[in-house]
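Reminder, nothing fancy here: chain letters follow the sequence lines and each chain counts from 1. This structure is a prediction, so every number in the text was calculated from the model and none was measured.
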Number of protein chains: 2
Amino acid sequence: MALTERKALDLWRRAMCSYVRTSDGDMTARQKAIFMTIALQPGPHTVRGLAADLNLAKPAVTRAIDALEKIGFVRRQKDQNDLRSVILERTVEGMDWLRDYAGLIVAAEAGEDVGRPMVDRKTAAA
Amino acid sequence: MALTERKALDLWRRAMCSYVRTSDGDMTARQKAIFMTIALQPGPHTVRGLAADLNLAKPAVTRAIDALEKIGFVRRQKDQNDLRSVILERTVEGMDWLRDYAGLIVAAEAGEDVGRPMVDRKTAAA
DNA sequence: CCGATTCGTTTCATCACCGAATCGGATGAG
DNA sequence: CTCATCCGATTCGGTGATGAAACGAATCGG
């Protein structure tokens, strides 16, 4: 395995472990992808747009938005130019979470492993 | 928001979106963290060790291992020094998946956005 | 030998998510 | 106006994850 790949995986592992450790571990990968797209990508975001972009069925996006709205990360806004459409907007609370999440990743990149060491004395000694 | 954080978030977003797009979106964050720890960290891994390390209840780890074993990424091996313990080992299949996953991250790091552009013509025009 | 402890697993009830099909409402074309 | 189309939401049955509690088996201590 290439060195950069190994490094990328280790970064990912640390960040992922930190996330699992700290949080209540709720958000789905799908929800994360959708929320981060809404929060970080330009342009008005719609259900169909996200569904097409992420190669998902529309109901899946709707449900993810439901979850994201429930925890207050995203807001639904009717499109006045086409009342069928719904514009998805990020909230301040969502951005706050995102900032913390970024801190997690940056810390992982710096090599910090949030949490205790992982050797198991008993088994390791055997 | 600091520049490095913004960059880290964008990397994360791209990788996460690629993952959602390509895969059938099955693995939980918890499962990923556990599997990557088993696959990338040294030392014999046990249920209790992972539970302590990731701050999880043991049953949660057992169930995650069940899922990982079911898809063939992890193997259970009885500890001959203590028949109560179970040593978790990675499999070749798991490492194959991990290699692909690393490729996803590296590609995201390189700035490639796997999939189609995300503007929605209709809404963007409004 | 016998009780206490430690391991991993199993059970239980609950809850969220999944894909597929369908819905009502809004829009656009004829 | 009328019909086809598009949008987002809802329903359906089924699957899987969740935390809490209790379990059998193995080990250790006295």
If I take atom [atom1] in residue [X] and atom [atom2] in nucleotide [N], what distance separates them, rounded to the nearest angstrom?
X	N	atom1	atom2	value
A/Met27	C/dA16	CE	C1'	15 Å
B/Arg76	C/dT10	CZ	C1'	12 Å
A/Leu56	D/dG8	CG	P	14 Å
A/Lys32	C/dC17	NZ	P	13 Å
A/Ile34	C/dC17	CD1	P	11 Å
B/Glu69	C/dT9	CD	C1'	12 Å
B/Leu54	D/dT18	CG	P	12 Å
A/Asp66	C/dA16	CG	C1'	12 Å

Is any side-chain nitrogen or oxygen of [X] closer than 4.0 Å to OP1 or OP2 of [N]?
X	N	answer
B/Arg48	C/dG8	yes
A/Arg30	C/dG19	yes
A/Thr62	D/dA9	yes

* Shortest non-hydrogen contact from B/Ser85 toward B/Arg48 ->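 Shortest heavy-atom contact: OG-NH1, 3.2 Å.
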
State which of [options] makes the closest approach to the side chain of [X].
X	options	result
A/Val47	C/dT9, C/dG19, D/dG8	D/dG8
B/Gln31	D/dA17, C/dG8, D/dG16	D/dA17
B/Lys58	C/dG19, C/dT9, D/dT10	C/dT9

* Asked: Any sub-3.5 Å donor-acceptor pair from B/Ser18's side-chain atoms to B/Leu104's backbone N or O?
  ->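 A pair under 3.5 Å: no.
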
* Asked: Hey, does the side chain of B/Arg6 reach the backbone of A/Leu40 with a donor-acceptor pair shorter than 3.5 angstrom?
  ->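 Indeed, once roles are kept as given, a pair shorter than 3.5 Å links the two residues.
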
Return the set of residues passing side chain to side chain contact (heavy atoms under 4.5 Å, CB included) with [X] (not counting sequence neighbours), or none when no residue passes.
X	answer
B/Leu83	B/Gln80
A/Ala67	A/Gln31
B/Arg76	B/Thr62, B/Ile65, B/Asp66, B/Glu69, B/Val86, B/Leu88

Sub-3.5 Å pairs of nitrogen or oxygen atoms, protein against nucleotides 20-26 of chain D:
none

* Is the NZ or CZ atom of B/Lys32 both under 6.0 Å from the centre of the six-membered ring of B/Tyr101 and within 45° of that ring's axis? ->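 Judged by the rule (NZ or CZ under 6.0 Å from the ring centre, within 45° of its axis), B/Lys32 is not positioned above B/Tyr101.
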
* Enumerate the residue pairs fulfilling ring-ring contact (aromatic ring centres under 6.0 Å, His included) with a member in residues 52-73 of chain A, sequence neighbours excluded, ordered by first and then second residue. =>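 Listed once each, the pairs are A/Phe35-A/Phe73, A/Phe73-A/Trp97.
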
* Which is true for A/Ala64 with a 4.0 Å heavy-atom rule: it touches a base, it touches only sugar-phosphate, or it touches nothing? ->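 Here A/Ala64 touches no strand at all.
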
* Check step by step if side chain to side chain contact (heavy atoms under 4.5 Å, CB included) holds for B/Arg30 and B/Leu56. => CA-CA 9 Å; B/Arg30 199 174 279 192; B/Leu56 295 171; 3.7 Å; yes

* **Full working for side chain to side chain contact (heavy atoms under 4.5 Å, CB included) between A/Asp96 and A/Thr91** => CA-CA 9 Å; A/Asp96 287 345; A/Thr91 65; over 6 Å; no

* Structure fact -> Parsed dot-bracket for DNA chain D after applying the Watson-Crick and G-U rules with both distances under 3.5 Å and | for other-strand partners is ||||||||||||||||||||||||||||||

